[in-house]
Visitor: 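Right, I'll just put the structure down here and ask away after.
Atoms within each ligand, like the ligands themselves, are counted from 1 in listed order. Note that the coordinates shown come from a computational prediction; the quantities given were computed from them, not determined experimentally.
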Amino acid sequence: MQRGGAYLSLCVTSCAGVQNAFGGQGAEDANFVRLFAVFMVVCTVMYLIVSAALVIAVWRRRQATRTIEDRKHHETSAATRPALIVWTVLIAVGLVGLTIASFFTDRSNAANGSKPRLSLTVTANQWWWDVEYNSPDASKIVRTANEIHLPVGVPAQVTLKSNDVIHSFWIPNLAGKQDLIPGRVTDAQLLPRKTGLFRGQCAEFCGVQHAQMALDVTVESKADFDRWYAAQLQPGRPPANPLQLAGYRYVTTRECSSCHNISGTPAGGHVAPDLTHFASRRSIAAGALPMNRGNLYGWVADPQSQKPGNHMPTVGLAANDLHAIVAYLEALK
Ligand code: CUA
């Protein structure tokens, strides 16, 4: 009983809020929720009719076996044939109805993505998301990681790629899943209807840290999105004090710079998350840890103990270097 209660509460809490396929905050997800309700009602009605027919049949059989006469009477019941005809028609109408509902849901989802006004490319890696906002003007391209900002009511086209294995892009509150496959380009359409903070999650097992491959999603007003976008276009903030300067020197000239990019600095690596505005994000390590000083210390000092198997090595930093790096990273708003 206790275990049952625990499972129930787990389901209720894990299905609520920021990661909820029944949230309906995106046009596609709202369509799915409606279609699910239609299927649920039709299938429940059918199930109840079948169950009732079964109960009636058992009951009649018991009555009938009392006398031979009764049995003859029941087996040739005049009501059997019309009941079967009605049942067959009901099944046909139900199936055709579900087919039509599915068709219109599909058409509606296709229409949502037909005129995108925002284009981004999401590339999956073990175990993080590389995010690039596309633009024909190279100076307007924004690159970030493990987060997506979307203006509410604006249809966005998301091009999906993978650098290693198969992953799956899934923001339950907004839309269904789409696989990211190495060597192939797939896409997804997002049309957020309500502002809010949501959580995307890789939905295809992709290695030991599959569960810790999340995506912070912010749906905001167009004005807030434009402010965020303008800030992201800026180069990384220069160090403002001697401690940050020491961190800047370490990050941009030592191990970190060969993998990470920080625009406006010598750090130009592209195989790990872009750090230009790292401190403006809600989490670190692809949603594995909330963004705060304690977690930042833990992550920089020993990433392998925080998220075993990830591709960031544990360098073995001296204490003064660790303090300086954290101070500099915290300033990268
Ligand atoms: Cu990426 Cu699971």
Visitor: Would you say the side-chain atoms of Q157 and Q189 include a donor-acceptor pair closer than 3.5 Å?
Guide: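 Checked: Q157/Q189 side chains pair up, N/O donor to acceptor below 3.5 Å.
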Visitor: Give me each pair satisfying salt bridge (Lys or Arg N to Asp or Glu O under 4.0 Å) with a member in residues 86-115, each pair once, sequence neighbours excluded.
Guide: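 Output for this query is empty, none listed.
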Visitor: Should the pair D130-R143 be classified as a salt bridge under the 4.0 Å nitrogen-to-oxygen rule?
Guide: yes
Visitor: Can you see whether N146 engages S283 through a side-chain donor-acceptor pair at a distance of less than 3.5 angstrom?
Guide: no
Visitor: With the threshold set at 4.0 Å, does a side-chain nitrogen-carboxylate oxygen contact exist between R282 and E147?
Guide: no
Visitor: What protein N/O/S atoms sit under 2.8 Å from atom 1 (Cu) of ligand 1, by chain and number?
Guide: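 Near atom 1 (Cu) of ligand 1, below 2.8 Å, one finds H167 ND1, C202 SG, C206 SG, M213 SD.
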Visitor: State whether a side-chain donor-acceptor pair under 3.5 Å links S108 with N31.
Guide: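 S108 vs N31: donor-acceptor pair found between side chains.
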